[in-house]
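Notes for the one structure printed next.
We're numbering straight along the sequence, starting at 1.
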Amino acid sequence: MRILITGAYGFVGTNLCRFLTEKGHVCDALDIPAAKRDDVPYAKTFAWDDLEGLFFGSTVASPVYDAVVHLAGKAHDTRNVTEPQVYFDVNVGLTKRIFGAVYRKVPRFVYFSSIKALDGDTPYAQSKREAEVFLNGRAIVLEPAMIHGPGNKGNLNLLVQVVKKGIPWPLAAFENRRSFTSIGNICAVVEALCQRGENGTYPMCDDTPVSTNRLIELIAEAYGKPSRLWRLPRVLMRCAAVFGTVLHLPLNLERLGKLTENSVVDNSLLKRALGWSAMPVDAEEGLKATLRSFRDEERKG
């Protein structure tokens, strides 16, 4: 296959290109010129101004590409300094431009949304949801839970720092579970969908949710640290969060909710579409590989 990847030099794009190239496929990049890297095996790299020209005169009978994987977008800003309209300009506006250029000219269009598009109320989540509505029934839409892999700590970094510093985790009594998506599963899913995927919207994650307590144990194992899990009474922690909300302390009701909520995703629809009984990468094995990479990078530094 020949595949065009937008936002090609980000974390997912670079890993996807290496994976697909090793499988014998050819990948081209569409990204801003400043993002270009020589260590990623793209056959060709195009700038955004080249987009429409790439597909001029192409037909489904003789497509330039077998698939387009649209990764480019404005990611969620955890510091909340991004203007809300920026999310819609990029996540909706750019998606419309790209899809308009390739519609009926490539067999498959794979759009990376987010599981937050299902019920999130942030501008990021709303913009992803609006893009999904635009693409409805005309593309393959993936809604991954939190993606992780070597080189990308993401939201795991907070817990990594807690364990490394020997800080006890005081919320162990809550036993909440979360779904993750390893980069290995991302790559395998995208390859399969580009070959035989049907249009539709697919929540995506590893097969087994992992509790925060178990995640802390995995981090401790990777770094050779003790896992300090404190099972303080839930009532006590909720009272502390109430006081934190009033006094503007780090532990408040909003943060307590985010740290202790369950976030479990069902990937059965995706597996049925692919004819898989299980995802190729085990949830805990994927997390262990990611955590080992963090540790090894820090030791090199």
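- Side-chain contact between Leu156 and Phe294 is present, with heavy atoms from C-beta onward closer than 4.5 Å.
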Working note: Arg178 + Val264, criterion side chain to side chain contact (heavy atoms under 4.5 Å, CB included); need CA distance, chi angles, decisive distance, verdict.
CA-CA 5 Å; Arg178 303 187 71 86; Val264 177; over 6 Å; no
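- A donor-acceptor pair under 3.5 Å links the side-chain atoms of Arg295 to the main chain of Ala222, judged by distance alone.
- Side-chain contact between Asn252 and Phe243 is absent, with no heavy atoms from C-beta onward closer than 4.5 Å.
- Although no hydrogens or angles enter the test, the distance criterion places a donor-acceptor pair under 3.5 Å between the side chain of Asp28 and the main chain of Lys44.
- With hydrogens and angles disregarded, a donor-acceptor distance shorter than 3.5 Å links the side chain of Asn213 to the backbone of Ala172.
- For the pair Arg234 (side chain) and Ala173 (backbone), a donor-acceptor distance under 3.5 Å is present.
- The hydrophobic clustering, which links ILVMFWY residues whose side-chain heavy atoms are closer than 4.5 Å, places Leu259 and Leu253 apart.
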Identify every side-chain donor-acceptor pair in residues 205-212 under 3.5 Å, counting partners at least two apart or on other chains, and give the distances.
residue, atom, partner, partner atom, Å
Asp206, OD1, Ser182, N, 3.0
Asp206, OD1, Asn185, ND2, 2.7
Asp206, OD2, Ser182, N, 3.3
Asp207, OD1, Asn267, ND2, 3.0
Asp207, OD1, Lys271, NZ, 2.9
Asp207, OD2, Met279, N, 2.8
Ser211, OG, Arg214, N, 2.9
Thr212, OG1, Asn176, OD1, 3.3
Thr212, OG1, Asn176, ND2, 3.0

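- Annotation: side chain of Ser114 is in contact with side chain of Tyr124 (closest heavy-atom distance under 4.5 Å).
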Are Thr59 and Ser62 close enough, and set up right, to give a side chain to side chain donor-acceptor pair (under 3.5 Å), and what steps lead you there?
CA-CA 5 Å; Thr59 66; Ser62 57; 3.2 Å; yes
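- Looking at heavy atoms from C-beta onward, Gln126 lies out of side-chain contact with Tyr87 at the 4.5 angstrom threshold.
- Inter-residue side-chain proximity for Leu256 and Arg238 is flagged as met; some heavy-atom pair is nearer than 4.5 Å.
- Looking only at distances, a side-chain donor or acceptor of Thr290 sits under 3.5 Å from a matching main-chain atom of Gly286.
- More than 12 non-hydrogen atoms from other residues, nucleotides or ligands lie less than 6.0 angstrom from CZ of Arg231.
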Pair Glu130-Phe88, side chain to side chain contact (heavy atoms under 4.5 Å, CB included): steps then yes or no
CA-CA 8 Å; Glu130 185 172 324; Phe88 292 90; 3.5 Å; yes
Intermediate values then yes/no, side chain to side chain contact (heavy atoms under 4.5 Å, CB included), Ile3 and Val69:
CA-CA 7 Å; Ile3 300 169; Val69 180; 3.8 Å; yes
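- Ring planes of Tyr65 and Phe55: tilted class, angle from 30 to 60°.
- Sparse packing is recorded around NZ of Lys116, with 12 or fewer heavy atoms of other residues, nucleotides or ligands lying under 6.0 Å away.
- Two residues are said to be in side-chain contact when any heavy atoms from C-beta on lie closer than 4.5 Å; Ile147 and Phe11 meet this criterion.
- Looking only at distances, a side-chain donor or acceptor of Asp282 sits under 3.5 Å from a matching main-chain atom of Glu284.
- Checking side-chain atoms of Thr6 against main-chain N and O of Leu71 turns up a donor-acceptor pair under 3.5 Å.
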Applying side chain to side chain donor-acceptor pair (under 3.5 Å) to Ser113 and Glu132, what does each step give before you reach the verdict?
CA-CA 7 Å; Ser113 183; Glu132 287 192 15; 2.6 Å; yes
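- Within 6.0 Å of the CD atom in Gln85, the count of heavy atoms belonging to other residues, nucleotides or ligands exceeds 12.
- The minimum heavy-atom distance between Ile183 and Pro150, with the atom names listed, is CG2-CD, 4.2 Å.
- Judged by distance alone, with hydrogens and angles left aside, the side-chain atoms of Asp50 form a donor-acceptor pair with the main-chain N or O of Ala47 at under 3.5 Å.
- Lys74 and Asn91 make their closest contact through N-OD1, 2.7 Å (heavy atoms, listed as atom of the first residue, atom of the second, distance).
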Test salt bridge (Lys or Arg N to Asp or Glu O under 4.0 Å) applied to Lys128 and Glu143, step by step:
CA-CA 10 Å; Lys128 286 292 189 180; Glu143 297 175 327; over 6 Å; no
Check step by step if salt bridge (Lys or Arg N to Asp or Glu O under 4.0 Å) holds for Lys300 and Glu297.
CA-CA 5 Å; Lys300 288 178 184 177; Glu297 282 297 315; 3.8 Å; yes
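- Looking at Arg228, its side chain does come within 3.5 Å of a backbone N or O of Gly166 through a donor-acceptor pair.
- The environment of Phe134 atom CZ is dense: over 12 non-hydrogen atoms of other residues, nucleotides or ligands sit within 6.0 angstrom.
- Criterion: ILVMFWY side-chain heavy atoms under 4.5 Å apart, direct or through other members. Under it, Trp230 and Leu249 are not part of a common hydrophobic cluster.
- Contact check for Ile186 versus Val12: side-chain heavy atoms found under the 4.5 Å cut-off.
- In plain terms, the two heavy atoms of Arg108 and Leu193 that are nearest each other are CD-O, 3.0 Å.
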Could you check Tyr9 against Thr45 for side chain to side chain donor-acceptor pair (under 3.5 Å), going step by step and ending with a plain yes or no?
CA-CA 10 Å; Tyr9 288 99; Thr45 298; 2.7 Å; yes
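- A donor-acceptor pair is defined here as one N or O able to donate and one able to accept, closer than 3.5 Å; no such pair exists between the side chain of Lys164 and the backbone of Ile219.
- A distance of 6.0 Å or more separates the ring centres of Phe99 and Tyr111.
- Both Val90 and Phe109 belong to a common hydrophobic cluster when Ile, Leu, Val, Met, Phe, Trp and Tyr are linked at side-chain heavy-atom distances under 4.5 angstrom.
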Glu191 vs His25, test: side chain to side chain contact (heavy atoms under 4.5 Å, CB included). Steps then yes/no.
CA-CA 9 Å; Glu191 182 195 27; His25 307 296; 2.9 Å; yes
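- Two residues are said to be in side-chain contact when any heavy atoms from C-beta on lie closer than 4.5 Å; Tyr223 and Glu298 meet this criterion.
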Steps toward salt bridge (Lys or Arg N to Asp or Glu O under 4.0 Å) verdict (Arg18, Glu22):
CA-CA 6 Å; Arg18 292 185 179 114; Glu22 288 177 1; over 6 Å; no
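- Residue Ala43 comes nearest to Arg2 through the heavy atom pair CB-NH2, 3.8 Å, listed as atom of the first residue, atom of the second, then distance.
- Across Val265 and Pro203, no two heavy atoms sit closer than the pair CG1-CB, 3.8 Å.
- Considering every non-hydrogen atom in both Asp31 and Gly7, the closest pair reads OD2-C, 3.2 Å.
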